Amino acid sequence: MLSKHTILKLLLQSPSQKQPKINPFRHLLCNLLCTKNESPNTTESAELPNWLKFFDSQNPEENFVIPSLASWVENHKLLHPSEISCHVLGEKPDTDVDKISEILKKRHPSPDKVVQALDGCSVTVSNGLAEQMLRRFSNDWVPAFGFFTWAKAQTGYRHTPETYNAVVDILGKSKKFSLMWELVNEMYELNNEYVTLTTMSKVMRRLARGGRYDDAVETFRDLERYDVKKDAMAMHILMDVLAKENSVEHAYKVFLEFKGRVPLSSQTFNVLIHGWCKARKLEDAQKTLDEMKKHGFSPDVVTYTSFIEHYCREKDFRKVDDILKEMQEKGCKPNVVTYTIFMHALGKAKQINEALKVYEKMKSNGCLPDTSFYSSLIFILSQAGRLKDANEIFEDMKNQGVMRDVMAYNTMIASACARSQEETALKLLQQMEEDSCKPDLKTYAPLLKMSCSKKRMKLLKFLLSHMLKNDVSIEVGTYALLVRGLCKSGKLELSCSFFEEMVSKGMIPKDSTYKMLVEELERKSLAKAKEQIEMLMAQAKENEIV
DNA sequence: TTAGGGTTAG
């Protein structure tokens with residue numbers, strides 16, 4: 001029989017990377033156990049692993065699961081997940097995390113220095129702690145890698161494949177490719193089951209994003225060196241990565257090279273067709289479609305939707321109608337993704353009434369809207385200035401049993417910020433927390449922008465600490481936003497300090513950002529500061545070459 | 001892990 005403590009621990013573990021935020025079912029069960037203060041009876045406890053499996057197999061965004069959940073949440077005063085883990089499991093609230101963060105936040109010049117700084121700090125590392133720190137510093141490879149190295153040396157602690165994968169990704173993101181490879185090799189030597197397709201997908205994606213397409217392909221060719229199978233799934237991932245990172249040509253080359261060795265499916269062709277469409281190479285997409293048919297595969301809803309997306313991008317809505325007609329003739333039903341793309345494009349093209357007609361058509365075809373669909377709808381409505389309608393849809397999502405995800409919240413927050421409605425925006429941020437919906441960078445961007453333009457420095461400070469608390473790591477775009485925003489509001493000193501922080505993290509400011517700041521310093525005759533910024537920029541560019 | 005996600009500009 002499992003103790004209550006063990007049950008809660010099980011519930012609080014994040015089941016997978018795919019669901020970094022706590023599954024609402026788990027959340028709910030935790031609360032039931034905590035608030036009722038009853039020890040669960042034996043049958044329930046024995047059943048728990050099965051229940052967990054069931055919960056995790058449910059997509060929390062699916063429609064059918066939520067109505068009952070929503071009313072549960074209404075009727076029970078839910079604790080925030082962090083409160084559960086702190087108070088019920090008797091763990092200290094966040095002090096270890098804060099302690100390490102304080103050390104990591106100081107700008108150390110190298111991972112070695114980070115290790116030195118961490119040495120002697122009395123913290124016991126756990127897997128949860130490591131995951132959180134790596135998330136928190138995921139755009140900051142020096143402290144992340146330093147922490148990782150330090151943790152590895154702690155007695156009684158061992159990194160999981162997940163933390164290894166996280167660091168592989170962080171290094172790849174910062175284009176520290178040789179360090180990244182060293183780590184992959186280390187993983188494999190440590191345990192030949194540590195390196196998986198998940199690991200290698202990250203490697204391939206990061207290489208491709210860095211423009212190293214051939215290296216990504218080479219990684220695939222060499223997969224078996226790490227005991228990872230070179231199967232259709234791996235090939236699809238590689239092709240998808242290449243196509244998404246702007247080289248569908250490489251994806252096609254991969255297809256040609258391996259099509260005789262790996263079983264093809266409609267997915268193989270769909271990846272390519274989507275890639276060609278995205279690259280606006282319609283003729284090639286068409287050719288691949290012909291090839292698909294030759295191999296005996298009929299175009300499916302994914303295939304058609306890729307073409308629809310292409311015509312939406314071209315704002316050729318007549319062609320979209322043609323394709324929809326063809327789908328109907330072939331008995332291929334559009335789904336919620338198809339409708340979302342079409343509606344969103346019409347909305348963006350300022351044809352809001354046409355967009356709403358798509359919504360009506362979808363409903364009449366018995367296709368249920370999902371979270372993403374509603375988010376899109378809210379977006380186009382607020383873009384069209386129909387705030388009341390947007391708000392209504394946002395409220396209605398709950399009643400329809402559809403979870404409100406980050407995107408829906410982000411849209412609402414951005415819309416409030418665009419209208420300088422500080423209070424509304426912050427209330428939404430708070431509501432998000434209560435909904436245990438984790439904010440991301442896009443949540444904060446409009447808020448940060450607003451606090452810069454309104455010269456609300458206290459709010460800015462609050463937001464930055466809020467971000468840290470939520471493990472949202474600041475990246476180039478956010479810094480650019482802060483530097484420009486503060487510069488425009490005449491907060492030059494602060495603007496400069498963010499510029500400096502950005503460079504110290506190895507990020508390269510955009511020329512436009514740099515120019516704006518320098519010109520402003522010039523205008524205010526702040527020669528010294530200007531010199532400092534020029535020096536930093538030169539330094540940043542130098543680092544880029546190395 | 002085949003398709004949907006908003007510009008950082010006045």
Side-chain angles (χ1 to χ4, degrees), chain A residues 16-18 61 196-198 200-202 204-205 229 231-244 248 251 255 264-278 285 288 292 297 299-310 312-313 323 327 332 334-345 347-349 358 362 369-384 405-415 418 440-443 445-446 448-449 452-453 475-485 487-488 509-510 512-513 515-516:
Chain A
S16 68
Q17 293 161 292
K18 219 173 133 189
E61 280 153 30
T196 57
L197 184 56
T198 310
M200 298 318 266
S201 303
K202 290 183 194 300
M204 294 188 290
R205 169 162 282 115
K229 272 196 217 134
D231 54 12
M233 191 195 260
M235 184 182 78
H236 289 152
I237 289 175
L238 171 66
M239 285 168 56
D240 189 53
V241 159
L242 292 168
K244 292 225 171 87
V248 60
F255 166 74
L264 302 179
S265 62
S266 45
Q267 188 176 335
T268 323
F269 296 96
N270 283 338
V271 169
L272 287 171
I273 289 171
H274 178 242
W276 292 123
C277 285
K278 187 174 167 276
T288 302
M292 178 176 183
F297 300 105
D300 57 18
V301 60
V302 178
T303 326
Y304 284 120
T305 302
S306 290
F307 281 102
I308 286 179
E309 191 185 9
H310 174 263
C312 280
R313 205 176 286 127
I323 297 178
M327 287 173 78
C332 177
N335 62 19
V336 62
V337 179
T338 322
Y339 288 118
T340 308
I341 291 170
F342 192 19
M343 179 188 71
H344 194 91
K348 277 216 301 205
V358 174
M362 177 174 103
D370 63 6
T371 297
S372 295
F373 181 88
Y374 278 125
S375 292
S376 258
L377 183 54
I378 291 171
F379 175 71
I380 60 172
L381 284 170
S382 42
Q383 287 277 301
D405 70 345
V406 217
M407 202 63 196
Y409 273 107
N410 288 358
T411 310
M412 295 298 291
I413 289 175
S415 155
D440 63 13
L441 269 171
K442 290 208 174 96
T443 315
L448 293 171
K449 214 175 134 187
C452 289
S453 66
E475 45 65 88
V476 208
T478 320
Y479 276 113
L481 179 158
L482 289 168
V483 171
R484 299 172 68 100
C487 190
K488 267 193 259 181
K510 273 199 186 158
S512 57
T513 311
K515 238 173 135 183
M516 181 177 187

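So you know, we letter chains A, B, ... as the sequences are listed, proteins then strands, and number each from 1. These figures come from a predicted structure and were not determined experimentally.
- By the side-chain hydrogen bond (donor to acceptor under 3.5 Å, both in side chains) test, A:T443 pairs with A:N410, A:D440, sequence neighbours left out.
- Comparing atom distances between the A:V337 side chain and each of B:dT8, B:dT2, B:dG4 picks out B:dG4 as nearest.
- Between the CD1 atom of A:I323 and the P atom of B:dA3 there is a distance of 17 Å, given to the nearest Å.
- The shortest side-chain heavy-atom distance between A:S375 and A:D405 falls under the 4.5 Å cut-off.
- Atom pair A:L242:CG and B:dT2:P shows a separation of 15 Å (rounding to whole Å applied).
- Among the atoms of the strands shown, none is found under 4.0 Å from any heavy atom of A:K278.
- Put simply, CG on A:D405 is 15 Å from P on B:dG4, counting in whole angstrom units.
- Taking atom CZ on A:F373 and atom P on B:dA3, their separation rounds to 19 Å, with Å as the unit.
- Scanning atom types as modelled, no donor and acceptor separated by under 3.5 angstrom connect the side chain of A:N335 and the base of B:dG4.
- One can place CD of A:E475 at 11 Å from P of B:dT8, the figure rounded to the nearest angstrom.
- Residue contacts shown for A:H236 are absent, as no nucleic acid heavy atom lies under 4.0 Å away.
- Protein atom CD of A:Q267 is 9 Å distant from nucleotide atom P of B:dA3, rounded to whole Å.
- In the set B:dG10, B:dT2, B:dG4, B:dG4 carries the atom at the smallest distance from any side-chain atom of A:I341.
- The shortest distance between side-chain heavy atoms of A:R484 and A:S512 falls below 4.5 Å.
- When heavy atoms are screened at a 4.0 angstrom cut-off, A:L481 is found touching no nucleic acid atom at all.
- Distance from the side chain of A:T338 is smallest for B:dA3 among the nucleotides B:dG4, B:dT8, B:dA3.
- In this structure, of B:dT8, B:dA3, B:dG10, it is B:dG10 that holds the atom nearest to the side chain of A:K488.
- For A:H310 and B:dA3, the shortest distance from a side-chain N or O to OP1 or OP2 is not below 4.0 Å.
- Across all strands, A:V271 comes closer than 4.0 Å only to sugar-phosphate atoms, never to a base (heavy-atom distances).
- The residue A:Y304 sits apart from the nucleic acid: no heavy atom pair falls under 4.0 Å.
- Rounded to an integer number of Å, the gap from A:Y479 OH to B:dT8 C1' is 17 Å.
- Applying the 4.0 Å criterion to OP1 and OP2 of B:dA3, one finds that A:K244 has a side-chain N or O inside that range.
- Under the 3.5 Å distance criterion, the side-chain polar atoms of A:H274 are left unmatched by any main-chain donor or acceptor of A:N270.
- In this entry the distance linking NE2 of A:H274 with P of B:dT2 reads 12 Å, nearest Å.
- Looking at heavy atoms from C-beta onward, A:V248 lies out of side-chain contact with A:K278 at the 4.5 angstrom threshold.
- The shortest distance between side-chain heavy atoms of A:C452 and A:K488 does not fall below 4.5 Å.
- Listed candidates were B:dT2, B:dT1, B:dT8. Nearest to the side chain of A:K510 is B:dT8.
- Side-chain atoms of A:S306 lie closest to B:dA3 of the nucleotides B:dT8, B:dG4, B:dA3.
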